[in-house]
Amino acid sequence: MSKHHLSELPTGERVISERLPGVRSVALGLWIGAGSRDEPDSKAGVSHFIEHLLFKGTERYTAQEIAELFDELGGELNAATSRETTVVYARVPDNRLELALDVMADMVFRPSFAEVDSEREVVLEEIAMVEDTPHDLVHDIAAEAVFGGHPLGRPVIGRAEVISSVSRRALATYHDRAYVGERIVLAAAGNVRHERLVGLLEAHRDGSPADPDVRLPPRKPVRRLPPPGLRFQRKDTEQYHVCLSAPGLALGDERRFAASLLDAILGGSASSRLFQEIREKRGMAYSVYSYSSQYSDSGQIGLYVGTREDNLSECLEIAVAELSDLAGGNVRSEELARAKENLKGRLLLSLESTSNRMTRLGRATITDMPLLDVEEIVRRLEAVTGVEVAALADELLLPGRLSVAGIGPDEGAFRQAVARVDPELLSRAA
């Protein structure tokens, strides 16, 4: 694996890169260490709104010029907001690196905040689209069930009442506080030289650090979470969309390798327990899977299933039975070995993509995580035992620890299904 290089500018921005001379492309990402959990309730959704507005013009480029330039490059330009980060990323031919970074840096450091009102309507349409997409919306409801009133429990996309009223001035002020030197990482992978990358970014900075008083306040830590919650939203859907979820592991938790294997065994692949038992053997769902998210001081783990009312109770019973079986210590040696090979194979295949390599560099640096080489990751996966996987399932995923979120046409049917797997949750939620 190629060596990566890391530098820090006098203004606080960090630059990390990995040179791959055998390719003709460069993947770039400008990572910002601010996301939806950094917002106050009164500004819920501004990080995602600002991400949209970065594309609407800068001091030197109009929105149309940005779109036309990247089309001419034959490149890709996009962005994403999560609970703790925002990223603007691109993939371009290596001989167009300078122009691509020039545009991207202008977008990140000097957005004009033009067309706020028209883009406001776009974001409101996106919120409406999520409301009409229950298999996505249920994950926001599940986060609220797990984290309650903590910022991690809010939807990243924001709330319509905030987006419809937030002012251009408030957006610009929030940008100035969030998009500051030490919160920004430029990551790159491909046919690029590190020194050139550092020089190109330095040309966009004024040489002095930002005012230390112009900062976002510290994040609200996750200390004491509410007891498991029950949430339901009525919609006239053909299926019930349900998440069973619980607090998970933080980014730096050494058990994250065991957690990855637990996810793979439970519902992370076609041979996983949930996929085989619910979909393949019984045909009771089209979509069923487990998932896991890690944050700086907490996390979330859970599973999703979409199924018709006739199958709802049995699907939940099967899911809880599999969780209990794993927590009881029944981690079969062959499924653990298969999960390890699955994760190792996915890791190796992902490294053939410059975009994946850039994401690996950027995410580790912006979250201050150690950047482990492939051999070390493989070693740590191989070292995980079935006992460790079972212990993690027992700690995180037994009934009594699970929140349940659902979307569907009949709350009574939903509650009846929940009662069959955890009757105490209904009484606690009453």
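Residues A285 and I278 share a closest heavy-atom pair of CB-CG2, 3.7 Å. Counting all heavy atoms, side chain and backbone alike, L77 lies closest to I66 at CD2-CG2, 3.7 Å. Contact detail for N78 and F55: the closest heavy-atom pair is C-CZ, 3.7 Å. Counting all heavy atoms, side chain and backbone alike, L101 lies closest to L197 at CD2-CD1, 4.1 Å. The heavy-atom pair separating Y179 from I50 by the smallest distance is OH-CG2, 3.8 Å. Scanning all heavy atoms of the two residues, the minimum distance from Q294 to L249 falls at CG-O, 3.3 Å.
To the nearest 0.5 angstrom, H241 atom NE2 is 11.5 Å from Q233 atom CD. Expressed to the nearest 0.5 Å, how far OG of S42 lies from CD of E161 amounts to 11.5 Å. Between the CD1 atom in I301 and the OH atom in Y291 there is a gap of 9.5 Å [rounded to 0.5 Å]. Distance check: M129 CE to D136 CG gives 8.0 Å after rounding to the nearest 0.5 Å. To the nearest 0.5 Å, the span separating CG on L261 from CG on L392 amounts to 10.0 Å. Atoms OH and CG, on Y61 and D102 in that order, are 3.5 Å from each other to the nearest 0.5 Å.
With hydrogens and angles disregarded, a donor-acceptor distance shorter than 3.5 Å links the side chain of Q276 to the backbone of A270. In terms of modelled atom types and a separation under 3.5 Å, the side chain of S272 and the main chain of S269 share a donor-acceptor contact. Proximity of a side-chain donor or acceptor of R154 to a complementary backbone N or O of R37 within less than 3.5 Å is not detected. No donor-acceptor distance shorter than 3.5 angstrom exists from the side chain of T354 to the backbone of G190, with no hydrogens or angles considered. Of the possible donor and acceptor atoms, none in the side chain of S17 sits under 3.5 Å from a partner among the backbone N and O of A188. Checking side-chain atoms of S290 against main-chain N and O of D263 turns up a donor-acceptor pair under 3.5 Å. In terms of modelled atom types and a separation under 3.5 Å, the side chain of E39 and the main chain of S47 share a donor-acceptor contact. No donor-acceptor pair under 3.5 Å is formed between the side chain of R279 and the backbone N or O of S287. Of the possible polar contacts, one joining the S350 side chain to the L347 backbone as a donor-acceptor pair under 3.5 Å is found. Looking only at distances, a side-chain donor or acceptor of K340 sits under 3.5 Å from a matching main-chain atom of E382.
Checked against salt bridge (charged side-chain N to carboxylate O under 4.0 Å, His left out), R379 has the following partners two or more places apart in sequence or in another chain: E376.
Among the candidates L371, L361, T365, the single residue satisfying the side-chain contact (heavy atoms from CB on, under 4.5 Å) test with L6 is T365. Screening L323, L303, L230, V146 against L402 for a side-chain contact (heavy atoms from CB on, under 4.5 Å) leaves a single residue, L323. Here the options are R83, R219, K220, the test is side chain to side chain donor-acceptor pair (under 3.5 Å), and the partner is D38; only R219 passes.
Using cut-offs of 30° and 60° on the angle between ring planes, the pair H48 and H52 is perpendicular.
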Derivation of the side-chain hydrogen bond (donor to acceptor under 3.5 Å, both in side chains) call for E84 and T367: CA-CA 9 Å; E84 295 190 331; T367 56; over 6 Å; no
Derivation and outcome, side-chain contact (heavy atoms from CB on, under 4.5 Å), residues L152 and Q300: CA-CA 10 Å; L152 286 174; Q300 186 178 353; over 6 Å; no
Stepwise side-chain contact (heavy atoms from CB on, under 4.5 Å) test for R168 and D117: CA-CA 9 Å; R168 179 185 182 278; D117 289 333; over 6 Å; no
CA sep, side-chain torsions, deciding dist, call: V222, H150, side-chain contact (heavy atoms from CB on, under 4.5 Å): CA-CA 8 Å; V222 177; H150 190 277; 3.6 Å; yes
Before you tell me yes or no, could you show the steps for H139 and C243 under side-chain contact (heavy atoms from CB on, under 4.5 Å), namely the whole-Å CA-CA distance, both residues' side-chain angles and the distance that decides it to 0.1 Å? CA-CA 7 Å; H139 289 282; C243 285; 3.7 Å; yes
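With salt bridges taken as basic N to acidic carboxylate O contacts below 4.0 Å, one links R215 and E182. Residues R60 and E65 are not paired through a salt bridge, judged by the lack of any N-O separation under 4.0 Å between the basic side chain and the carboxylate. For the pair R255 and D253, the salt-bridge criterion is met [side-chain N within less than 4.0 Å of a carboxylate O]. Of the charged side-chain nitrogens involved, at least one lies within less than 4.0 Å of a carboxylate oxygen, so that R234 and D236 count as a salt-bridged pair. Salt-bridge annotation for E238 and R308: absent, with no side-chain N of the basic residue lying under 4.0 Å from a carboxylate O of the acidic one. Between R14 and D368, at least one side-chain N (NZ, or NE/NH1/NH2) sits under 4.0 Å from a carboxylate O, which counts as a salt bridge. Remark: K344 engages E341 in a salt bridge, criterion side-chain N to carboxylate O under 4.0 Å.
For the pair L398 and D394, the minimum side-chain heavy-atom distance is below 4.5 Å. The shortest side-chain heavy-atom distance between T81 and S36 does not fall under the 4.5 Å cut-off. The shortest distance between side-chain heavy atoms of L396 and R401 does not fall below 4.5 Å. For the pair N311/Y240, no side-chain contact is recorded, criterion being any heavy-atom separation below 4.5 Å from C-beta on. Between P409 and T237, some side-chain heavy-atom pair lies under the 4.5 Å cut-off. No side-chain heavy atom of M358 sits less than 4.5 Å from a side-chain heavy atom of L28. When side chains are defined from C-beta on, W31 counts as touching T359, because their heavy atoms get closer than 4.5 Å. By the 4.5 Å heavy-atom criterion applied to side chains, L244 and V320 are counted as neighbours.
N342 and R338 share no side-chain donor-acceptor pair at under 3.5 Å. In this structure, a donor-acceptor pair under 3.5 Å is absent between the side chains of Q64 and T62. Side-chain contact of Q416 with S313: a donor-acceptor pair under 3.5 Å is absent, judged by distance alone. Side chains of H4 and R357: a donor-acceptor N/O pair is absent below 3.5 angstrom, by distance only.
Remark: R415 fails to qualify as a cation-pi partner of F232 under the 6.0 Å distance and 45° angle criteria applied to the six-membered ring.
Summarising the local packing, CZ of R256 is surrounded by more than 12 heavy atoms from other residues, nucleotides or ligands at distances under 6.0 Å.
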